[in-house]
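Take a look at the structure below.
So that the names make sense, note that chain A is the first sequence line, chain B the second, and so on, each numbered from 1.
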Amino acid sequence: MRYFIGIVLGALWSVVIFTGWPALVNQYGAIGGWLGPFLMLPMAWATLHYWPVFPNHKDGAWVDLALIVGIAATFGGIKGGFSPFVGTRELLAVGGIYHGADVTAQLPTLAAIVLGAVFGAYVGVQADRLIAAAEAESEEKGEKAA
Amino acid sequence: MTWHHFLTTFAGAAALPAILVIGFPRLVKRFGLVAGFLFSGFIVGSVWLANHGAGLFYENVAFWPELKGPWFDMAWAGGIGLYAASVFQGKSIVKGLPALAAGIASGLLGGLFLYAFIQ
């Protein structure tokens, strides 16, 4: 049951994120894109991860909301269109693999993303260790001073 | 795609998980839900500005109704990066497999909804 709820909630959030965010980009450009995550991601993160609805094992490798929405955008496409009630801006949309988009055209980008992400994760983890060590050291000193 | 594009995509993809891994858990541990609300916006929004707003990510796509490649969002970098970071920190890949399967299923299902919306 937890898996079912996690899967459905992740799917719903990926729809909200990749329709609402592009709509903001379409309407307001860069500032809309910057504002997008403030409106979309906090509740998505809270409902999936802060309150642990998504079934991550506590000792298992972390599957993040970002992976879910990334897969959803690649397979289903993104659309920043508007309903007739809001306005008649030009449609901003990109088709996905389900529409028949050619993955091979984007394989170099995928390779760069994977390599970059792993490299960035390594840098982040090492920096995290440095900070943790520095914090432990300053705590020791604080205890001695007290 | 030239090597310039590869390099910019690489740099943009590296920035997101690096900043998230350093900052996010630390801030949430100290300030709780409020930090999560604020910094999911600040970190992802600001990196978005570089990656998709300015266009560090090279996307070989065509706008609908034309079709070329699918859209690879910087969410891929975040998802893969956080997965890799947890592995670097000693989390088990095997124990995480059910969650990984659920995540992929969730993405495929969400993609189906998006597919239905883009016609």
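The candidate from B:Thr9, B:Val21, B:Asn60 with the greatest count of non-hydrogen atom pairs under 4.5 Å with chain A is B:Asn60. The most heavy-atom pairs under 4.5 Å with chain B, out of A:Ala93, A:Ser14, A:Ala105, come from A:Ala93. The residue among B:Gly78, B:Ala102, B:Pro25 with the most heavy atom pairs within less than 4.5 Å of chain A is B:Ala102. Your options are B:Tyr115, B:Phe117, B:Phe57, B:Phe113, and the one with the most heavy-atom pairs under 4.5 Å with chain A is B:Tyr115. Most heavy-atom pairs under 4.5 Å with chain B: of the set A:Leu12, A:Thr109, A:Val114, A:Asp64, this distinction falls to A:Thr109. Annotation: maximal heavy-atom pairing with chain A below 4.5 Å, among B:Gly23, B:Gly107, B:Gly110, B:Ala101, occurs at B:Gly107. Among A:Met40, A:His57, A:Gln106, the residue making the largest number of heavy-atom pairs under 4.5 Å with chain B is A:Gln106.
With a threshold of 4.5 angstrom between heavy atoms, B:Leu49 approaches chain A through side-chain atoms but not through N, CA, C or O. Of the atoms belonging to B:Ala15, not a single heavy atom falls under 4.5 Å from chain A.
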Contacts under 3.5 angstrom, residues 85-97 of chain B side chains, donor-acceptor by atom type, not counting sequence neighbours:
{"residue": "B:Ser86", "atom": "OG", "partner": "A:Trp62", "partner atom": "N", "Å": "2.8"}
{"residue": "B:Ser86", "atom": "OG", "partner": "B:Tyr83", "partner atom": "O", "Å": "2.8"}
{"residue": "B:Ser92", "atom": "OG", "partner": "B:Val94", "partner atom": "N", "Å": "3.2"}
{"residue": "B:Ser92", "atom": "OG", "partner": "B:Lys95", "partner atom": "N", "Å": "3.0"}

Between side-chain atoms of residues 33-47 of chain B and protein atoms elsewhere (two or more places apart, or another chain), which donor-acceptor pairs fall under 3.5 Å?
{"residue": "B:Ser40", "atom": "OG", "partner": "B:Gly36", "partner atom": "O", "Å": "2.7"}
{"residue": "B:Ser40", "atom": "OG", "partner": "B:Phe37", "partner atom": "O", "Å": "3.2"}
{"residue": "B:Ser46", "atom": "OG", "partner": "A:Trp34", "partner atom": "NE1", "Å": "3.2"}
{"residue": "B:Ser46", "atom": "OG", "partner": "B:Phe42", "partner atom": "O", "Å": "2.8"}

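Residues of residues 61-68 of chain B having a heavy atom under 4.5 Å from any heavy atom of chain A, listed by number: B:Val61, B:Ala62, B:Phe63, B:Trp64, B:Leu67, B:Lys68.
Other members of the cluster containing A:Val123 are A:Leu115, A:Phe119, B:Met1, B:Phe6, B:Phe10, B:Tyr58, with ILVMFWY side chains joined at under 4.5 Å, either directly or via other members.
Put simply, the side chain of A:Leu24 does not reach to within 4.5 Å of the side chain of A:Phe38, judged on heavy atoms.
The distance from the CG atom of B:Leu109 to the CG atom of A:Leu9 is 11.0 Å, given to the nearest 0.5 Å.
Using a 30° and 60° split on the angle between ring planes, B:Trp71 and B:His52 fall in the tilted class, from 30° to 60°.
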